[in-house]
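Report on the structure given below.
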2 protein chains.
Amino acid sequence: MARPSRASQLPNLGESIKEAAWRQITESGASSLSLRSIARELGITAPAIYNYFSDRDALVTALIVDAYASFGDCQHEARESHPGPGREIDRLRATGIAYRKWAIDHPHRYLLIFGNPVPGYEPPMQELLPVMIRSLGALLAAVGELHALGRLDMEGVPHPSLEPGHRFSAIMETADQAELPVYAVAMVIWSRVHGLVSLEITGQFPPFPDAGAALYLFELDSICRQFVLPPDHSATINRRMP
Amino acid sequence: MARPSRASQLPNLGESIKEAAWRQITESGASSLSLRSIARELGITAPAIYNYFSDRDALVTALIVDAYASFGDCQHEARESHPGPGREIDRLRATGIAYRKWAIDHPHRYLLIFGNPVPGYEPPMQELLPVMIRSLGALLAAVGELHALGRLDMEGVPHPSLEPGHRFSAIMETADQAELPVYAVAMVIWSRVHGLVSLEITGQFPPFPDAGAALYLFELDSICRQFVLPPDHSATINRRMP
DNA sequence: AATTTTAGTTTACAGTGTAAATATACACTG
DNA sequence: CAGTGTATATTTACACTGTAAACTAAAATT
């Protein structure tokens, strides 16, 4: 008995493996996923998985790619739900709201891609970069269009210069030099949003009901107030004078 | 041969185990630590460790407690390095600076206590709460004294109400109801600082030289500008009128 | 129909955490 | 000092993990 007849085996085993992996991850925590128990759940033997994923790491990478795709979809959909001129702030806020919603709906996926890496896992950047860029591209676009309208307040934001040889250099080399501060602002926004969300997801939060939602909305407001200039008003005027 | 003579064994084996564990963690990543390889490094057998730690989890807990203690020391030292009245902002900033410095000096310790938890590890809150409270107490004190001086701008900060039965309820029940917004502000500050630092530590950062330091200083400034009112000025005056 | 490829199985090996039984060095007691 | 008890290790054993190698039979191709 070396191979069951096709009738008795489920089609699309590759996808089934990933599904089982997600099921396990979402209940038993992040990196306690085991090839053997996946196989058990699917009624096959463990080495059979190696026909679809060369490695445990390869499986993890596939999961990460899927997670990034799902996250990226969610981000871009949110942004595109407020089309048209004059709604740039709505687009920025919508991506922010969607960020937390997706993270709370899929905490383990969030931690898988943005948390600290799985034990021995070294992420293959070449494979992950495209999906990473796309998923964070929504925020970048939202900030970028505000900048294009002259409505981005970059006061005090450090103007970065390129560092060659870094893992993310590929992203940056294509960018316009003049837009580098936009990246810096996006980075700050991302870090704030990530800070709150990751603390909330990992349970390191105060015992206040709806604290997550309330603090998150407060932070979105803070972000808009700090970085977004009011529309029109001809040029840049100092809006804060003590 | 069931037990080597005391001359040939190292004293304080309990501490030696933790040291070996740290050595392994700092080089081979967070949760790839193995009792057997610790034993190998110390020239003993694996089950001997069970005389000092009832579990692999117990060892991890001990490491976490130590990490919190080191982190807490660092935080309080930073705060106390600017004593005296009129230097409240210095104290707040110093704890902020120290926060990142400690995290960068001990990235694995940082991820161990503030990152996503180790695979199957369920943190024993009863044991960890005291060290957690103490370590975050420095920030809380820095924010609290500003509040006591009427220099804390809590505009828009959500006023939380208590939620019973939460893991952290013990902390909060002792707190003055009127000081709850102080906790909220401290929480926001912590989340911003944690967001930047955790992204920097896990390598999810743009390829800009010193981006971490520059963005971090920018965020500290943002925090002070948003939450700290200028001294004196009799009462509270609206400093932002558009 | 013969051959090759595909997609599984079985077997095996080196890891891991940990429970149970065992043995000995040391500290106490009679 | 002899005898006992306890602390601290070792040995052995078990269940679990990822994964490499050999093998086998179903399906596709020639």
Side-chain angles (χ1 to χ4, degrees), chain A residues 1-21 23-25 27-64 117-124, chain B residues 1-18 20-21 23-25 27-64 112 117-124:
Chain A
M1 53 200 71
R3 183 183 175 182
S5 75
R6 174 154 293 180
S8 70
Q9 70 186 86
L10 27 77
N12 245 353
L13 190 46
E15 284 299 318
S16 301
I17 290 172
K18 286 198 292 186
E19 281 168 25
R23 222 172 303 140
Q24 251 181 239
I25 281 184
E27 62 182 38
S28 306
S31 79
S32 82
L33 108 174
S34 129
L35 295 191
R36 284 189 127 107
S37 84
I38 290 175
R40 227 173 293 139
E41 182 176 334
L42 295 180
I44 59 176
T45 58
I49 298 179
Y50 286 74
N51 284 317
Y52 300 88
F53 303 96
S54 67
D55 233 343
R56 207 192 84 124
D57 285 9
L59 172 58
V60 171
T61 299
L63 298 178
I64 291 180
V118 206
Y121 178 74
E122 199 68 29
Chain B
M1 50 202 72
R3 183 182 174 182
S5 75
R6 174 154 295 179
S8 70
Q9 71 185 88
L10 25 80
N12 246 354
L13 191 47
E15 283 299 318
S16 301
I17 290 172
K18 286 199 291 184
R23 220 172 304 141
Q24 249 182 238
I25 280 183
E27 61 182 37
S28 306
S31 78
S32 81
L33 109 173
S34 130
L35 294 192
R36 286 187 127 106
S37 85
I38 290 176
R40 227 173 294 138
E41 181 177 333
L42 296 180
I44 59 177
T45 58
I49 298 180
Y50 285 74
N51 285 316
Y52 300 89
F53 303 95
S54 68
D55 233 344
R56 208 193 82 124
D57 285 10
L59 173 57
V60 171
T61 299
L63 297 178
I64 291 180
L112 192 60
V118 205
Y121 178 74
E122 200 68 26

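Quick note on labels: first sequence line is chain A, next is B, and so on, each numbered from 1. All values reported here derive from a predicted model rather than from experimental measurement. Heavy atoms only: backbone and side chains are in, while hydrogens, waters and symmetry mates are out.
Here the CD1 atom belonging to B:I17 is positioned 10.5 Å from the CG atom belonging to B:N12, to the nearest 0.5 angstrom.
Between the CG atom of B:L35 and the C1' atom of D:dA15 there is a distance of 16 Å, given to the nearest Å. Atom CG of A:N51 and atom P of C:dT5 are 16 Å apart (whole Å). Remark: C1' of C:dA19 and CG of B:D55 are 12 Å apart, rounded to the nearest angstrom. Atom CD1 of B:I49 and atom P of D:dT11 are 15 Å apart (whole Å). Rounded to whole angstrom, the span from the CD1 atom of A:I44 across to the P atom of D:dG18 amounts to 13 Å.
Between A:T45 and C:dG8 there is no side-chain polar atom (N or O) within less than 4.0 angstrom of OP1 or OP2. Within the 4.0 Å cut-off from OP1 or OP2 of D:dC16, not a single side-chain nitrogen or oxygen of A:R40 is found. Proximity of B:Y52 to the phosphate of D:dA9: a side-chain N or O atom is located under 4.0 Å from OP1 or OP2.
When atom types are taken as modelled, the side chain of A:R23 and the backbone of A:I38 share no donor-acceptor pair closer than 3.5 angstrom.
Minimum interatomic distance between A:L59 and A:K18 (heavy atoms only, all atoms of both residues): CD1-CG, 4.1 Å.
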Full working for side-chain contact (heavy atoms from CB on, under 4.5 Å) between A:L13 and A:I44: CA-CA 10 Å; A:L13 190 46; A:I44 59 176; 4.2 Å; yes
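Mapping A:P47 and B:Y50 onto DNA chain C by nearest heavy atom places A:P47 closer to the 5' end of the strand. Nearest-nucleotide positions on DNA chain D for B:G43 and A:R36 put B:G43 closer to the 5' end.
Pairing partner, C:dG30: D:dC1, with both Watson-Crick or wobble hydrogen-bond distances short of 3.5 Å.
Within the 4.0 angstrom heavy-atom criterion, only backbone atoms of the sugar-phosphate kind lie near A:S34; the bases stay farther away.
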